[in-house]
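Numbers for residues simply follow the sequence, beginning at 1. Every number for a ligand or one of its atoms is a count from 1 in the order of the listing. This is a predicted model, so every value here is computed, not measured.
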Amino acid sequence: MVDLRSDTLTMPDYPMLETILTARLGDDGRTDAKGRGEDPTINRLEDMAAALVGKEAAILMPTGTFGNTIAVMTHCHAGQTVLVDEEQHMLLTEKFAFEQDLGRLTPVCYHQDSRHMPDPDELDKLLTESGASLICLENSHNFSGGYCIDLPTMAAIRKVADRHGVPIHMDGARLFHAAAHLHTTVKQVCQYVDTVMFCVSKGLGAPVGSLLCGTEAFCAKARANRKLFGGVMRQAGVVAAPAIYALEHNVERLTEDIENAQYVHQQLSGKLHKVRLQEEVQTNILMLNLTDAGILADEFCKRAKERGLLIRPIRNQYRVRLVFYKGITRKDAEEAAAILLALDSEL
Ligand SMILES: *Cc1c(COP(=O)(O)O)cnc(C)c1O
């Protein structure tokens, strides 16, 4: 079975697991004057993450959702307005921030332009109209099919934000994929945002964890909020050690996943009769569009499974997502492409 449901399916390899056995541990909830805990492995991971993205500090979070939620609730007060992409994970798949009996933030949605990026002029206009106090970006963008925001656009968005005096939070669950596509470093991508969350639990292959990064002052507040939300994870050096291993060993290889996604796109381009492909594959995600295929996503995925390919509907019954990750080989990609061609030919 070729399983392309999600890059959260990556399994830790033996050397990664081995790091847990020798990790030095402590209670991350016992904090010093700067708010840092006593787990030296967590502290090492947080320093590493901060340096990588070029921010002063970082905080280990249990999940990406937790990291985004703490970020937004640290930037904003209940009742404030936030600019989010209409298809942003934070808006559609996360619960707290925009729920009117929980985080009580009001979302104002911006759209993607023809290049699948936010339009700085639209953000400018929406900020003027809504008086929003935060801009949220997602890079790479999950539901659009892994599209990235390029550096010139990031810089233009920064200018708009500065003009309005609002901070920018970036959901970088797949930040390292974006940097790979843009042929740059994560630090270059993150220079335009105030805070960024990235996941080590997805393409980077660690079992658990996300990092929220920003200034010392922001992170001190975010740490306090994380505690109030129940997100202090005591001896989570057992989580941090594989995360460190992931950052040291699994970043370069992300290009393999991107190449496999692009390979499948290439194999299918021009050969499908009913199923439509996203225009261009930039990272490790490939979306299929079934709008004109005469079959709904559930049924399509069921037929794929019968042939040995696990994929799943995403967002609605007309879209199916394929995600490539560590553990998926070129041979798996070939097999996936062959199965999709066969399925399409029978529609
Ligand atoms: C997966 C994901 C998250 C949330 O991460 P979890 O660790 O699953 O909570 C946030 N944003 C995007 C874009 C994601 O793909």
Quick one: ligand 1 N/O to protein N/O pairs below 3.5 Å?
{"residue": "ligand 1", "atom": "7 (O)", "partner": "Gly64", "partner atom": "N", "Å": "2.8"}
{"residue": "ligand 1", "atom": "9 (O)", "partner": "Gly64", "partner atom": "N", "Å": "3.3"}
{"residue": "ligand 1", "atom": "9 (O)", "partner": "Thr65", "partner atom": "N", "Å": "2.8"}
{"residue": "ligand 1", "atom": "9 (O)", "partner": "Thr65", "partner atom": "OG1", "Å": "2.6"}
{"residue": "ligand 1", "atom": "11 (N)", "partner": "His89", "partner atom": "ND1", "Å": "3.4"}
{"residue": "ligand 1", "atom": "11 (N)", "partner": "Asp171", "partner atom": "OD1", "Å": "3.2"}
{"residue": "ligand 1", "atom": "11 (N)", "partner": "Asp171", "partner atom": "OD2", "Å": "2.5"}
{"residue": "ligand 1", "atom": "15 (O)", "partner": "Asn142", "partner atom": "ND2", "Å": "3.4"}
{"residue": "ligand 1", "atom": "15 (O)", "partner": "Arg174", "partner atom": "NH1", "Å": "2.9"}
{"residue": "ligand 1", "atom": "15 (O)", "partner": "Lys202", "partner atom": "NZ", "Å": "2.7"}

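For Asp121, the salt bridge (charged side-chain N to carboxylate O under 4.0 Å, His left out) test picks out no residue, with sequence neighbours left out. Not counting sequence neighbours, Arg104 has no partner by the salt bridge (charged side-chain N to carboxylate O under 4.0 Å, His left out) test.
Judged as a ring pair (Phe, Tyr, Trp, His ring centres under 6.0 Å), the pairs with a partner in residues 150-177 (not counting sequence neighbours) are, in order, Phe176-Phe198.
For the pair Ile135/Leu127, a side-chain contact is recorded, criterion being any heavy-atom separation below 4.5 Å from C-beta on.
For His181 and Tyr147, the ring centers sit 6.0 Å or farther from each other.
Here Asp47 pairs with Arg36 in a salt bridge; the nearest charged N to carboxylate O distance falls below 4.0 Å.
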